[in-house]
Structure formats: structure tokens, C-alpha cells
Amino acid sequence: MSTAPITHAEVGTPAQRRVRHQARDAAVLMSFSLGLSLAIAVAFLLLAGLGG
């Protein structure tokens, strides 16, 4: 455990934390969208393969 005092720069301002939180949320949403799109594409490929 460090005994060094925490400076304002290390903590970050509420605006910086909010931007990081929004960026993380956006990345999670894009990852979910990518996964769902791939799952739907694979399902359609399987259906096309079974129907043909």
C-alpha cells in the first residue's frame, strides 16, 4: 500500500470518468452487436445449406 498522496490528476475529473464510462459502454455495445450479427449470419448460412 502506497503512502503517497493522491493528486487530482491521478483521480481524474468527473467529466473524464464519464467519458471513459461512455467509451466502455460503446465498446460493449459494439461487441454485442458484432456477436449477434455473426450468430445471425451463421444461422442463415446453416438454413441455406440445409435447404439447398
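By convention here, the first residue in the shown sequence is residue 1. Reckoned from all heavy atoms, side chains included, excluding hydrogens, waters and symmetry mates.
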Checklist entry - Should side-chain heavy atoms under 4.5 Å link Ile, Leu, Val, Met, Phe, Trp and Tyr, which residues sit in the same cluster as Leu46? => result Val42
Next on the checklist: Test of understanding: clusters of I, L, V, M, F, W, Y form through side-chain heavy atoms closer than 4.5 Å, transitively. Do Leu47 and Ile40 belong to the same one?
Outcome noted: yes
Checklist outcome for this item: Distance col, row Ser31:OG vs Leu36:CG, nearest 0.5 angstrom, shows 12.5 Å
Checklist entry - Do you see a donor-acceptor pair shorter than 3.5 Å between the side chains of Arg18 and His21? => result no
